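When reading the values below, keep in mind they use all heavy atoms of this one structure, side chains included, and skip hydrogens, waters and symmetry mates. Chain A is the first sequence line, chain B the second, and so forth, proteins listed ahead of strands; every chain is numbered from 1. Note that this is a predicted model, so its numbers are computed, not measured.
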Amino acid sequence: MTALIVAEHDNDSLRPVTGVVAAAATAIGGGYDVLVAGEGCAAAAVEAAALAGAGKALLADHAAYGHQLAENIAPLVAEVGGGYSHILAAHTTTGKNFLPRVAALLDVAQISDIMAVVDEATFKRPIYAGNAIATVRSSDAIKVVSVRGTAYDPVPAEGGSGIVETFDNIHDAGLSGFVGESLAVSERPELTAAGTIISGGRGMGSGENFALLDGIADKLGAAIGASRAAVDAGFVPNDMQVGQTGKIVAPELYIAVGISGAIQHLAGMKDSKVIAAINKDEDAPIFQVADYGLVADLFKALPELEALL
Amino acid sequence: MKVLVPVKRVVDANVKVRVKPDNTGVDLSNVKMAVNPFCEIAIEEAVRLREAGVATEVVAVAVGGSACQEQLRTCLALGADRAVLVETDEPVHPLGVAKALKALQDSEQADIVLFGKQSIDGDNSQTGPMFAALTGLPQATFASEVKPQDGSLEVTREVDGGLQTISVKLPAVITTDLRLNEPRYASLPNIMKAKRKPMDKTTPAELGVDVASSVEVLSVERPAERAAGIKVESVEELVDKLKNEAKVIA
Ligand SMILES: Cc1cc2nc3c(=O)[nH]c(=O)nc-3n(C[C@H](O)[C@H](O)[C@H](O)COP(=O)(O)OP(=O)(O)OC[C@H]3O[C@@H](n4cnc5c(N)ncnc54)[C@H](O)[C@@H]3O)c2cc1C
């Protein structure tokens, strides 16, 4: 029994979530190898082979894989993964894009967004926006599983075999092409990896007002997130959305500002260690999950908070 | 150009579901059901493509129990031209649905198949890409903008890092994200008209597919509850608690 992990990376380096997936593989038991498919991604493969517990890293380096297009990545993963007991990837927009395609090519089910490994065939996963937790068992010969980014602490970056093998079979379906991207550039930590997050909702009133969170985020070394309403209103970009259908986060401290606490938002942040909320409505549902609630006008409270930190 | 829109019947997004006391599932008796919100966005996009003269026919399809007819009627009221129900009493799961839809696509030969990115009950986020794999079609998931080109679609996708634009050759699979459009409401005349629109029925057996699942649900439990917190009186008190009690800020 050995698992194949499909690494998440930006061609230069591994994303931290790959270490989380490696921790899930470790919990399954039986060791794991890591497939690193991309373009000019040899350095990421070296990092993958170094992960604690890693068998070998398989490097598939070709222009066809450069942008993780599912039509090209999925047949590669299905080909390489056919010899493994498990195929694991992160439940990120990258993993969610290619992994179901892999499962269908192998004619097996996928188990999405697992929060815990019970045994090699049994997993716990949230359903209904996290309002219920299902324990499910797969009878498939190959278990295809996507792992929630907050499920485990990442394995240490060192201790692996250091072996990198190259894989030369190229799959280029020629059905899709990369046109362009506009990626958020920020000096702040990534939302899904941040120890502290301060998020704004519709109550912020405008995109400009999100600047009220900047000084606080600077002082706390925090990432800035948002509710769907704030993204839909155009205050901030989509990559900041926390929730059932956005990003799942579980920082040490989550501060919700002008967010009512709809179930879809809670689904993305209620596993945070400590939750603080600032809302002018004392009956806002966010206070039912907040460890510390402050009933106040955010336009008054935020400058005070910044000054006190 | 034909657009096929698979839709799922799910618990309404505003319902807070309860786990059954015997831990076999969630209690769906007397709960309001609806078209999965992402599928509603897919119907809206398909109808807009027809209104823009790009598409000529919009076909809504559901795989599930006979009650799904209610949601298919809603889709017809929202502008779909006809509907197909693939009727089964088996619990539906992504691979089985993808197989049934593949069999249907073999005869429908749609140019665009527009899925929701996930259903808000199972939260699997699988069916669209699985269908794309089975049919060998390209996919553009989490779409926030779809621009038809000659023989292809240019699609902007909401990804974790921001936005990505890709081009996919037709026929193609799209899955919708929240910002693709804002679905309309069905007007009363359109609800009346929908009653007369055609709805075909078939079954997985007639389509020659096996929709049984290889995944067994052993139990369904309530998530761990958070202990009730406290209200603080001032920003000073909040900072003090975070520093000295929770010890989450320095
Ligand atoms: C299919 C689907 C998927 C969804 N996915 C997500 C998701 O992933 N993430 C998500 O967040 N939501 C999601 N939602 C939306 C969710 O249901 C809520 O609509 C949304 O979270 C509300 O955002 P909000 O709390 O910012 O806005 P509102 O609910 O409007 O709340 C604004 C809050 O701000 C407070 N406020 C206003 N002014 C001030 C002030 N001056 N000072 C202090 N407080 C103030 C108000 O009291 C209120 O509580 C989804 C919904 C659906 C149907």
Cut-off 4.5 Å, heavy atoms of chain A, and the answer for B:Ala140 is neither
Top residue by heavy-atom pair count (under 4.5 Å) with chain A, among B:His93, B:Arg222, B:Arg157? B:Arg157
If we define contacts as heavy-atom pairs under 4.5 Å, which of A:Thr92, A:Leu309, A:Thr245 has the most with chain B? A:Thr245
Relative to chain B, which segment of A:Val108 carries a heavy atom at a distance below 4.5 Å: side chain, backbone, both, or neither? backbone
Heavy-atom distances under 4.5 Å only: say whether B:Gln118 touches chain A with side chain, backbone, both or neither. side chain
Which atoms of B:Val239 come close to chain A, meaning under 4.5 Å heavy atom to heavy atom: side chain ones, backbone ones, both, or neither? side chain
In terms of heavy-atom proximity below 4.5 Å to chain A, should B:Ala246 be classed as side chain, backbone, both, or neither? both
Please find the pair of heavy atoms, one from B:Glu245 and one from A:Tyr292, that lie closest to each other, and give the distance. OE2-OH, 2.5 Å
Got a salt bridge between B:Asp177 and B:Lys117, using NZ or NE/NH1/NH2 to carboxylate O under 4.0 Å? yes
With only heavy atoms counted, which part of B:Leu218 is less than 4.5 Å from chain A, the side chain, the backbone, both or neither? both
Please identify, among B:Thr156, B:Asn124, B:Val168, the residue contributing the most non-hydrogen atom pairs under 4.5 Å to chain A. B:Asn124
Whatever's closer than 4.5 Å to a heavy atom in chain B on A:Leu183 counts as both
With a 4.5 angstrom heavy-atom cut-off, which part of A:His67 approaches chain B: side chain, backbone, both or neither? both
Options B:Val11, B:Leu134, B:Val159, ranked by heavy-atom pairs under 4.5 Å with chain A, top entry: B:Val159
Contact leader toward chain A among B:Ser167, B:Ala224, B:Gly229, where contacts are heavy-atom pairs under 4.5 Å: B:Ser167
A:Lys247/A:Asp239 under salt bridge (Lys or Arg N to Asp or Glu O under 4.0 Å): CA gap, chis, key distance, verdict: CA-CA 8 Å; A:Lys247 286 181 180 157; A:Asp239 53 84; 5.0 Å; no
Can you tell which part of B:Pro223 gets under 4.5 Å to a heavy atom of chain A, answering side chain, backbone, both or neither? both
Region of B:Ile249 in contact with chain A, defined by heavy-atom distances below 4.5 Å: side chain
Can you tell which part of B:Glu233 gets under 4.5 Å to a heavy atom of chain A, answering side chain, backbone, both or neither? backbone
Where on A:Gln264 is there a heavy atom nearer than 4.5 Å to chain B: the side chain, the backbone, both, or neither? side chain
Heavy-atom pair count under 4.5 Å with chain A, highest-scoring of B:Ser213, B:Ala132, B:Ala172, B:Gly161: B:Gly161
So which part of B:Leu170 gets closer than 4.5 Å to some heavy atom of chain A, the side chain, the backbone, both or neither? neither
Ion pair B:Lys99/B:Asp210, N-O distance below 4.0 Å: no
Structural part of A:Leu69 lying under 4.5 Å from a heavy atom of chain B: side chain
Quick check on the interface: out of B:Leu242, B:Leu95, B:Thr127, who has the most heavy-atom pairs with chain A under 4.5 Å? B:Leu95
Under a 4.5 Å heavy-atom cut-off, does chain B meet the side chain of A:Ala173, its backbone, both or neither? neither
Centre of B:Phe131's six-membered ring, under 6.0 Å away, within 45 degrees of the axis: is that where NZ or CZ of B:Lys102 sits? no
